[in-house]
Protein chains: 2
Amino acid sequence: MEEDVFKALADPTRRRILDELVERDGQTLFEICARLVTKHGLELSRQGISQHLAVLESADLVRSRRQGRYKFHDLNTEPLEHIVTRWLKRDTGGTS
Amino acid sequence: MEEDVFKALADPTRRRILDELVERDGQTLFEICARLVTKHGLELSRQGISQHLAVLESADLVRSRRQGRYKFHDLNTEPLEHIVTRWLKRDTGGTS
DNA sequence: TTGATAGGCAAGTGACGACTTGCGTATGGT
DNA sequence: ACCATACGCAAGTCGTCACTTGCCTATCAA
């Protein structure tokens, strides 16, 4: 649902997670935890981030593949590409 | 702030308001009220919409100009154009 | 099997957001 | 002056969201 995409993007921590994934795809939950703490100074529990990932998954912004005891998370930018053009009907090529 | 833009877009009613303004710019509060009720069947008080407009204004998605006792609201799509490209680093023009 | 790692589920708390209600202010018409 | 229109402010309610805590499951290594 498009609704879920906007809600998913509303939280700054989730946007940070997307930042992390666009930089390195296929990270596990613990990797994302570690990098959010060290790089951005976020103090957040593992479950907090896990729940954020669940929200991102339900918005189809993140897809996960399970491999043994690891779960890798991949970014999916496809839902992002059309949500904004909805209001950008103004022709960007018009040279008036 | 970019933060405000995402928060502003998180609410479906506010997105409807943007839909209204992209269709006809420069509407007053009462016009927006009427059209949201009649076209989308939303039952919402005037203040509800007024508060939504305030949120949209603080996100610079809507700009208002006062004229007598009327206040006209104009859509400003400029904040929308760069918020998503943040995660779209994948070259869209690459013909590999 | 034991123990450590990677992750999930569920309940509870605290705060923020959406919405309403009531009253107040300014502008325009007559 | 009067009244109606167009809008603003402030408090209060109610639900949802972000986050934590505690416990449980599954996979791998020794």
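Quick note on labels: first sequence line is chain A, next is B, and so on, each numbered from 1. Everything quoted here is computed from the prediction, not taken from an experiment.
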Between the base of C/dG7 and the side chain of A/Gln47, is there a donor and acceptor pair under 3.5 angstrom?
no
Rounded to whole angstrom units, what separation is found between the CG atom of B/Leu29 and the P atom of C/dC19?
14 Å
What's the CG-C1' distance between A/Leu53 and D/dC17, to the nearest Å?
16 Å
Give a yes/no answer on whether the side chain of B/Lys71 brings an N or O atom under 4.0 Å of OP1 or OP2 in D/dG8.
yes
Are more than 12 heavy atoms from other residues, nucleotides or ligands located less than 6.0 Å from atom NE2 of B/His82?
no
Between D/dT13 atom C1' and B/Gln51 atom CD, what is the distance in whole Å?
13 Å
Protein-nucleotide distance (A/Leu56, atom CG; D/dC17, atom C1'), rounded to Å:
14 Å
Pick the closest DNA chain D nucleotide for A/Arg46 and for B/Arg46 by heavy atoms, then say which residue is nearer the 5' end.
B/Arg46
Less than 4.0 angstrom between a side-chain N/O of B/Ser45 and OP1 or OP2 of C/dC19, yes or no?
no
Classify the nucleic acid contact of B/Gln67 as base, sugar-phosphate or nothing, counting any heavy atom under 4.0 Å across all strands shown.
nothing
Describe the nucleic acid contact of B/Gly68 in one word from base, sugar-phosphate, nothing, applying a heavy-atom distance below 4.0 Å.
sugar-phosphate
Return the 5'-most residue of the pair A/Arg69, A/Glu57 with respect to DNA chain C, ranking by each residue's nearest nucleotide.
A/Arg69
Whole angstrom value for the distance that separates C1' of D/dT5 from CZ of B/Arg66
12 Å
Between OH of B/Tyr70 and P of D/dG8 the distance, given in whole Å, is 14 Å
Sub-4.5 Å side-chain heavy-atom contact between A/Leu21 and A/Gln27:
yes
Which residues in residues 33-40 of chain B have at least one heavy atom lying under 4.0 Å from any atom of DNA chain D?
none
For B/Arg35, is there any backbone N or O sitting under 3.5 Å from a side-chain donor or acceptor partner on B/Glu20?
no
Please confirm whether the shortest side-chain N or O distance from A/His52 to OP1 or OP2 of D/dC19 is below 4.0 Å.
yes
Looking at B/Leu61, B/Val55, B/Leu36, which hits side chain to side chain contact (heavy atoms under 4.5 Å, CB included) with B/Ile17?
B/Leu36
Any side-chain heavy atom of A/Val22 within less than 4.5 Å of one from A/Thr77?
no
Using the salt bridge (Lys or Arg N to Asp or Glu O under 4.0 Å) rule, pick out the option among B/Arg14, B/Arg63, B/Lys71 that qualifies with B/Glu57.
B/Lys71
Does A/Lys39 pair with A/Glu23 as a salt bridge, N-O distance under 4.0 Å?
yes
For D/dA6, take OP1 and OP2 only and decide whether either is under 4.0 Å from a side-chain N or O of B/Thr28.
no
Can you check whether A/Arg46's main-chain N or O pairs, donor with acceptor, with A/Ser50's side chain at less than 3.5 Å?
no
Distance test, side-chain N/O of A/Ser50 to OP1/OP2 of C/dG7, below 4.0 Å
no
Once you round it to whole Å, what is the distance between P of C/dG17 and CD of B/Glu3?
9 Å
Separation of atom CD1 in A/Ile32 from atom P in C/dG7, rounded to whole Å
9 Å
